[in-house]
Amino acid sequence: MTGGNTTMTAHSGRPIAPPKRRRSKAVRRLVITLVVLLGLLVAADFGAAAFFEHEVSKRAQQQFDLRDHPDVKVGGFSFLAQAVSGEYDLVTVDAKGVPVNTLRDVEVHADLKGVQAPLSDLVSGSITGVPVREVVGEVRVKAADVSRAMSLNENQVIRSLTDLKIDPVSEKTVATAPADGSETEDESELADAEGSTAGVRLCGTAEIAGKSTELCVFSIISLDERRIAVSPKRMELRNADSDVKLPPTIQQKILPFFTFQLDPGDLPFAVTPTSVKVETGRLSVRGKATDLVLGKS
């Protein structure tokens, strides 16, 4: 044994312990190596995901017949793990500002589940068609486009409506006005879930008899083939002075002017529309299809 050094010599018959400084350097090198490898794996994961998203975006552009590539995102923790298996749990596709007929700002959304793209095809860039187990497609029409459609109405008051707001309400609320003195419930919580019909409240501001008046029409929306049909049932008016109550006979003469249809175009990937939905600020049409091939001619 040497003085001041705890390392045993071979003559003692005991194993010689390695210097602590060398052990510390080895651990540090190992940690650095692991960090570098992890960084490379993350970079490779992001790079591969970006390439895949671009490829799907190109095919989605063809399928949607869009002017620009839509946004594509791959769900799941690790893209490379999914790429090795050749199947991706969820891929979302979003396109905004799509012009359709008289509409100018339609949003297109699709959830692609069970997307199959082998790793070998991904690396070689030879992907020609992407099988998809299930697609849930949706088109959304925002308040600005609904207002634009209403501005084509022959009635001057309806044409002049501004600041249009869209809110979901229950079909029960559409059919029945609240009793005098009763509290108004939170309609967003009572609104009907997605289905073949849904309740909606359309409110706008117009000049009536020289006063700025809020006009709200309670309607039922439904599917008419691929179009959104709006059927008004009752209306409410209010201004700074008070609520204006219109007799049912007067309402029945005015309400037909608020009957109109919106044509948001086909759902993505030729999905058949099956339901409508009202959300704050927009109306939606949804549908689902199975066993499709993205990019197939």
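Only this structure's heavy atoms are used, side chains among them; waters, hydrogens and symmetry mates stay out. Throughout, residue positions are numbered sequentially from 1 according to the sequence presented.
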query = For V271 and G287, which heavy atoms make the closest approach, and how far apart are they?
reply = CG1-C, 3.1 Å

Below 3.5 Å, can you tabulate the donor-acceptor pairs from side chains in residues 210-222 to any protein atom, sequence neighbours excluded?
unit_1 : atom_1 : unit_2 : atom_2 : d
K211   : NZ     : D241   : OD2    : 2.4
T213   : OG1    : K211   : O      : 3.2
E214   : OE1    : R238   : NH1    : 2.9

message = Just verifying a value: how many Å separate T274 OG1 and L223 CG, rounded to the nearest 0.5 Å?
response = 7.5 Å

inquiry  = Using the side chain to side chain donor-acceptor pair (under 3.5 Å) criterion, which residues pair with Q251? Sequence neighbours excluded.
reply    = none

Residue pair M235 / I254, side-chain heavy-atom distance below 4.5 Å = yes

query = With sequence neighbours left out, what residues match R140 under salt bridge (charged side-chain N to carboxylate O under 4.0 Å, His left out)?
reply = E107, E138

ask   = Do S275 and K277 come close enough that some side-chain heavy atom pair is under 4.5 Å?
value = no

message = Less than 4.5 Å apart, side chain to side chain, heavy atoms only: is that true for R286 and P273?
response = no

message = Please determine whether a side-chain nitrogen of the Lys or Arg among R133 and E87 lies less than 4.0 Å from a carboxylate oxygen of the Asp or Glu.
response = yes

query = Are V108 and D94 close enough that some pair of their side-chain heavy atoms sits under 4.5 Å apart?
reply = no

Under-4.0 Å salt bridge between D145 and R148 = yes

message = Between V276 and L283, is the side chain to side chain contact (heavy atoms under 4.5 Å, CB included) condition met? List the steps.
response = CA-CA 7 Å; V276 291; L283 308 176; over 6 Å; no

query = Once you round to the nearest 0.5 Å, how far does NZ of K142 lie from CD of E279?
reply = 12.5 Å

Show every donor-acceptor pair shorter than 3.5 Å between a side-chain atom in residues 255-264 and any protein atom, with sequence neighbours excluded, or say none if there are none.
unit_1 : atom_1 : unit_2 : atom_2 : d
T259   : OG1    : P256   : O      : 3.4
Q261   : OE1    : R227   : NE     : 3.0
Q261   : NE2    : D224   : OD2    : 2.6
D263   : OD1    : R226   : NE     : 3.1
D263   : OD1    : G265   : N      : 3.1
D263   : OD2    : N101   : ND2    : 3.2
D263   : OD2    : R226   : NH2    : 3.1

note = Which of D89, V135, L292 passes side chain to side chain contact (heavy atoms under 4.5 Å, CB included) with L112? Answer is V135

inquiry  = Please determine whether side chain to side chain contact (heavy atoms under 4.5 Å, CB included) holds for the pair V141 and V139, giving the CA-CA distance in whole Å, both sets of side-chain angles, and the decisive distance to 0.1 Å.
reply    = CA-CA 7 Å; V141 182; V139 289; 5.9 Å; no

query = For D167, does its backbone N or O pair with a side-chain atom of T280 as donor and acceptor, under 3.5 Å?
reply = no

remark   = Rounding to 0.5 Å, atoms OG1 (T162) and CD (E207) come to a distance of 8.5 Å

inquiry  = One pair to check against side chain to side chain contact (heavy atoms under 4.5 Å, CB included): V169 and V174. What are the steps and the verdict?
reply    = CA-CA 7 Å; V169 295; V174 171; 3.7 Å; yes

message = Can you list everything that forms a side-chain contact (heavy atoms from CB on, under 4.5 Å) with E134? Sequence neighbours excluded, please.
response = K113, V136, K288, T290

note = Rounded to the nearest 0.5 Å, the CG atom of D163 sits from the SG atom of C203 at a distance of 10.0 Å

inquiry  = So, using side chain to side chain donor-acceptor pair (under 3.5 Å) as the criterion, who are the partners of D71 when residues are at least two apart?
reply    = none

